[in-house]
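Residue numbering restarts at 1 for every chain, and letters A, B, ... go by the order of the sequence lines.
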Amino acid sequence: MALLEHTPRGLYCAAGDFYVDPWRPVSRAVITHAHADHARPGHAAYLASAPAIGVLKTRLGAHAHIDTVAYGETRQLNGVAVSLYPAGHVLGSAQVRIEYRGEVWVVSGDYKLDYDPTCDAFESIRCDTFVSESTFGLPIYRWQTHDALFGAINHWWSANAAAGRASVLFGYAFGKAQRILKSVDPTIGPIFCHGAVEVLNRSYRDAGVVLPETQMVSEVDRKFDYSRALIVAPPSAQGTPWMKRFGDYSDAFASGWMAIRGARRQRNVDQGFVLSDHADWPSLLKAIHASEAERVLITHGQVPVMVRYLREQGIEADALETEFEGEGGAENDGSTAAAVIPDQDSASAV
Amino acid sequence: MKAFAYLYIALDSSTRTNDKVAALVDYFSAAQAEDACWAVYFLIGNRPRQAVPSRKLHEYAAEAAGLPLWLFEESYDAVGDLAETIALILPPPVEVSCLPLHDWIAGRLLPLRQLDDTQKKQAVFSYWNELNPGERFVFNKLITGGFRVGVSQLLVVRALAQISGVDAKVISHRLAGDWQPTAENYATLVSKATASFDISKPYPFFLAHPLEGGPEALGDIGDWHAEWKWDGIRAQLVKREGEVFLWSRGDELVSPQFPELLTAAVSLADCVLDGEILPHKDGAVMPFAALQKRLGRKNPGKKILADTPVIFLAYDVLESAGTDLRDLPLVERRAILHQLIYSIPNNTVLQLSDIVRAPSWATLTIAREESRQRGTEGLMLKRRDSIYGVGRVKAKSGWWKWKVAPMTVDAVLVYAQRGHGKRASLYSDYTFAIWKTIGEKKELVPFAKAYSGLSNEEIATVDAFIRKNTLEKFGPVRTVKAELVFELGFEGIQRSNRHKSGVAVRFPRMLRMRTDKKIEDADSLDSILHLLDRF
C-alpha cells in the first residue's frame, strides 16, 4: 500500500492517520500553505509550519486548532516521521516530508524556485516519491529574473506618476501582493492597499517581514490625489465602484498567465506583468531532478503533458488526482479560482 | 527590427489611442526613410506572403527548442498563436542583431520564399538566434503571413501628420491606392511640397456609423437625406486625364474585373465618384451571391459578362475637373453628381442612387420596411450639409447606416476553431448546423459559420464547453457534441450548390445563446426555405 493515497477526503497517509491539504473535513490535516484550496476550514486539528501561523489564522479564524513545527523539525504522527521544509511559494509555505520504514515521500504543495524576499527559499529534499504541482508545466512558461521584472514594474509606475495618473496593480491578496510591496521601489510614490491585501500585510509584518509603508483609502481624504500612487488590489476589485476614486489610472495584472498575449488581452488591463508564485517549466524540471526521486507524481495543472514528458526522459511518472487549483486566472478553470479566492479576502477584510 | 518590434508591442499592448499615437510618433521621428516606408506599409494593413509553411515552422521550432513535436503542439494549443508559441518556446538568443528593418525585410525575409528547404531551415534557425523574444514574435508574424497590428490607418496618418506638419487629409490621400514601400514614397508621403501627383489615386472612403435606436434623435428630417443601403462592392471610380481607375474599399485596384464600367466611363467628365458596384440585370439588382462570381476574376469572359452584368450606382462625387469637393455640403455635391451622370449619353451603367423622400421619420420608417423586398439592407441617413470625411469618425459625422433587423434562425454548434488576435487562445469561430430531413431520418447539416456577436464571458463559457465536449479533432477544427443552440442573425439567403445545406447566408453572426432551447428545438431547413421565396 502506498504511503499516501488519493481518497474522497484528500491525500491520506494511512500509516500515520493524517491527510495532506485535505478538501473535506478530517481529524488531522498537515497543511502545506494557507491558500484557500490547500488550507480549508473545518478540520479538527492542523499541523503547519511555524511561519505560517499568522496567515493561517487570518484564513481559518482564531479558534482553529493549529499546531506548528519549525522548518526541518520532525514530528512523529503514529510512528510516521513528518517534517516541513520551505517551498518558496508564500510566507510559511512548506513541502511535507513523510518518512515511514525507510521510505520517503515529499509533497511539495505549490512551490517556486525564484527569488522571493517575503519567504524562505525552496529547499530541495531527496526522496523516493516526489509529488509535484504542474500549474505552469509547459515550455512556454519561463519567468524573467526578479530584477528585470520589478524593473519593468517600477518603470511603469514612475512613467504613470510622471504622466499624472495612478498605477493600479492587481494581484493575489496573499503572497503575490506582499512580494510586490517588498520588491517595488517605494521612493516613487505613496502605496495604497485594498483592505483584502492590508489584512495579510499585517500578518506578514507580525511574522517579521518588513514591508514598505502602506495605507488604505479609508485613511485619507476622499479628494486625495492618487496620481503618484501605487495601488495594490485583488483581481476582484477590477471594474468595481471602489476604483472610481483613483480618477485617471493605468491598470496592470500580475500573474504567470500574463505570459500569454491572449490572456493579457482578455484581462483587459493596460499592462500584464508575468509574476507567479508557482514554478515555471525550467524550475519544475530542476526541482524534480534535484529530488532524485525514483517516482514522480504530478498533480494540478498540466498533468498529462508533464507525465508524458517525464516518462520520455526516463523518469517514472504518474498522475495524482487532487482538487487543488493552481494560479487563478487560467483560461480554462481560472474563472472559479480567480473569483473565489479574492472574494473571500474582501469579505473578511471590508 | 528592434525599434519596429518595440513599436509593434507598444501598439499591441495598449488600448489607449493617445499611447498608440505617441508610440507611432516616437518611432517615425527616429526612423530612417528606408525603414519607415516598410513600417507604414505593414501598419496600413499590408503583409508579406507566407515565407515558410506553418507545418515546417512547427518542426523547426520544436527542433530549435530541443523538444518533442507533441510538446510543441500542446504548447501551441495553450497559446493559440503560432508566432507567439515559437517566440515563447525558443531558448534565449545567442547574439542580438542590430540590423535595420529594411535589411531584415528586403535582405532576409522576402528572399526566404525562394530558398530550398535546407537553406530555409538554416536561415530561419540563424535568424531566430539573433532576435529576443519580442522581436521573434514580430519576425514570426511576418514569415507566417499572419501579420496584423492593432492600429487603424487613421492613427498612423495622425502620427505622420504630427511629425511632418502635413495635413492628415493630404497624407491619407497620398496613402490611398496601391502604396509601395520605398524610401522615395515615404519621403513624398511626409513632404510639405505638393509633389507630382499620381493620377490613379482614390480618396480615403468616408464610412457611416450604425444608428442605434430610432432616427427621431437626429432632429428634423428636413436636414437629412436618405438613400437605400445596397449590398455590393463599395468602390471609387477615378477618372483623370481621360483614364479610368476603379478602386474597392480595400484599396485594391479592381478595374480589370469590371470592363463594362470602364467602357461606360469613357464619356464621363474627369471626376472621382463614390458608389457601389452591383450586379444588375433586366432592370433589377441581383443578389450579392451573383456578384461573387465576378470577384477576383480578371478580364471576365463573354458568358459571365452576359450572365452577371454590373452597374456602378453613384452615391457621391469627391472631385470634379481636378477640384477636391469633399468639404462642400452634401446637397451641393449631389447636384454636381447629378449633372455629371446625366451628361453621359445613352448611359444605363453609371446610375445615380435614388433619394428616398419622406415627409416625416414615421413615413421613412414605413419605407424602410420595404428594404428586403428591394434587396437592400436598410437606409443610409446623411446630413444634407455633411462634408465627405475620412474613415469612420465617431461623433457627429453626419452619416448613419440604419439597417433593418436581420433574419434569424436557431442553429446548433457543431464545429469550433480558435479565433484570432485577442481570441487566439479561445475557441471562438463556430460552425452551426440545422436539421435536414433525409429519407426517414433527420440529421444536422452545417449551415453557417459565425464568429462575432458574443460577449467575452459568453465566449469563455462556450470555450470551456468545447474543450470538455470535443468529439474529434481535424487539424485546427474540433467536432463538438451537439448541445448548444444559438440564435443566428443574417442579412440575405441564397440557394447554393457549394453548401451541404443547399443555402448560403450573408453576414451570419450570433445574436444570443439559446440556453432555453434543446437541439431538437433548432430550426430545420424546411422552416427557413420559405425565406428564399420571399427574399
Decide if atom OH of Y415(B) counts as having more than 12 heavy atoms of other residues, nucleotides or ligands within a radius under 6.0 Å. no
Is the number of heavy atoms from other residues, nucleotides or ligands within 6.0 Å of NZ (K2(B)) greater than 12? yes
Is the count of non-hydrogen atoms from other residues, nucleotides or ligands lying under 6.0 Å from F465(B) atom CZ greater than 12? yes
Pairs of heavy atoms under 4.5 Å with chain B: top-ranked of Q302(A), R142(A), R264(A), Q271(A): R142(A)
For the pair R55(B) and E73(B), find out whether any cationic side-chain nitrogen is under 4.0 Å from an anionic carboxylate oxygen. yes
On the ring face of F253(A), is R267(A) found with NZ or CZ under 6.0 Å from the centre and within 45° of the axis? yes
Does any backbone or side-chain atom of D19(B) lie under 4.5 Å from a heavy atom of chain A? Answer side chain, backbone, both or neither. side chain
Part of F72(B) lying under 4.5 Å from any heavy atom of chain A: neither
Check whether L67(B) gets within reach of chain A through its side chain, its backbone, both or neither, counting any heavy atom under 4.5 Å. side chain
Sort E312(A) into side chain, backbone, both or neither according to what part of it lies under 4.5 angstrom from a heavy atom of chain B. side chain
